[in-house]
Amino acid sequence: RSVERNAQSQALMKRLEALGGADKLKAAEGDTGGGGVAPKAAAGDLVALGKEQYDLQECYNCHKVGGKGSVKKRGPILDNIGSLMKPEEMNEKIRNPRAWMADGFQKEYDKKLMPDKYKELMSDQEIDALVSYLASLKDASVETPKPIKK
């Protein structure tokens, strides 16, 4: 299974590099450098690659998105996380899970249930793609716990 996951990760990495990774994330956030409009196709591709990364890293084991995912309450529902956190805050949370806590998840935070392995398992470009996907989740009809800076 590890070999298969590594192969999937390498294939995803090649696709990310072809898309420009971090440059596309900045475009998706609207930072075009010249005040222009961010290309929608580039942002959409990075979001799709981020969704693949979400699945590859098995984030659904602890989180729910669109009603799919963990049946146990290990991690918060993420459907509206893009409205509650800036991309740089999400990046910090992925790299350093102790930096942020979801409101109502003190027990899980104290148990260190959010793994701190992703900074070693994922490249910067893979994290950028995952952040791009998470930043796109803005469904205000679903109650996502408020992030708290620690």
Is there a side chain to side chain contact (heavy atoms under 4.5 Å, CB included) between Thr144 and Leu137? Walk through the geometry before answering.
CA-CA 10 Å; Thr144 296; Leu137 300 176; over 6 Å; no
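- The neighbour count for Lys146 NZ, taken as heavy atoms of other residues, nucleotides or ligands under 6.0 Å away, does not exceed 12.
- Pairing each heavy atom of Tyr133 with each of Gly50, the nearest pair is CB-C, 3.6 Å.
- Note: Lys68 NZ to Asp55 CG = 10.0 Å, rounded to the nearest 0.5 Å.
- In terms of modelled atom types and a separation under 3.5 Å, the side chain of Lys93 and the main chain of Pro97 share a donor-acceptor contact.
- Taking the ring axis of Phe105 as reference, the NZ or CZ atom of Lys73 stays within 45° of it and closer than 6.0 Å to the ring centre.
- No side-chain heavy atom of Asn80 sits less than 4.5 Å from a side-chain heavy atom of Val142.
- Residues Met90 and Ile77 fall into different hydrophobic clusters, defined by Ile, Leu, Val, Met, Phe, Trp and Tyr side chains chained together at heavy-atom separations under 4.5 Å.
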Before you tell me yes or no, could you show the steps for Glu108 and Lys72 under salt bridge (Lys or Arg N to Asp or Glu O under 4.0 Å), namely the whole-Å CA-CA distance, both residues' side-chain angles and the distance that decides it to 0.1 Å?
CA-CA 12 Å; Glu108 292 79 6; Lys72 296 180 180 179; over 6 Å; no
Checking side chain to side chain contact (heavy atoms under 4.5 Å, CB included) for the pair Arg95/Tyr118: CA distance, chi angles, key distance, verdict?
CA-CA 6 Å; Arg95 293 174 188 275; Tyr118 298 112; over 6 Å; no
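- Cluster membership for Tyr60 and Ile127, using ILVMFWY side-chain heavy atoms within less than 4.5 angstrom, is shared.
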Check the pair Gln57, Leu130 against side chain to side chain contact (heavy atoms under 4.5 Å, CB included), reporting the backbone distance first and the verdict last.
CA-CA 10 Å; Gln57 297 302 329; Leu130 178 58; 5.6 Å; no
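- Dense packing is recorded around CD of Gln106, with more than 12 heavy atoms of other residues, nucleotides or ligands lying under 6.0 Å away.
- Contact record, Asp79 with Gly66: OD2-N, 2.7 Å, taken as the closest heavy-atom pair.
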Are Met101 and Met114 close enough, and set up right, to give a side chain to side chain contact (heavy atoms under 4.5 Å, CB included), and what steps lead you there?
CA-CA 10 Å; Met101 181 190 81; Met114 174 76 179; over 6 Å; no
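- Atom-to-atom distance recorded for Lys51:NZ and Cys59:SG is 9.5 Å, nearest 0.5 angstrom.
- Two different hydrophobic clusters hold Tyr109 and Ile94 under the rule that ILVMFWY side chains link at heavy-atom gaps under 4.5 Å.
- Within a 6.0 Å sphere centred on NZ of Lys149, heavy atoms belonging to other residues, nucleotides or ligands number more than 12.
- Between Pro145 and Leu84, the shortest heavy-atom distance links the atoms O-CD1, 3.7 Å.
- Atom CG of residue Asp128 and atom OG of residue Ser123 lie 8.0 Å apart, to the nearest 0.5 angstrom.
- The CD atom of Gln53 sits 12.0 Å away from the OG atom of Ser132 when rounded to the nearest 0.5 Å.
- Note: Glu126 CD to Leu121 CG = 9.0 Å, rounded to the nearest 0.5 Å.
- Side-chain contact between Leu78 and Tyr54 is present, with heavy atoms from C-beta onward closer than 4.5 Å.
- Between Met85 and Glu92 there is no side-chain heavy-atom pair separated by less than 4.5 Å.
- The backbone N or O of Pro76 lies less than 3.5 Å from a partner atom in the side chain of His63, making a donor-acceptor pair.
- The minimum heavy-atom distance linking Gly82 with Lys138 is given by the pair O-CE, 3.4 Å.
- Distance alone, capped at 3.5 Å, places no donor-acceptor pair between the Asp116 side chain and the Asn96 backbone.
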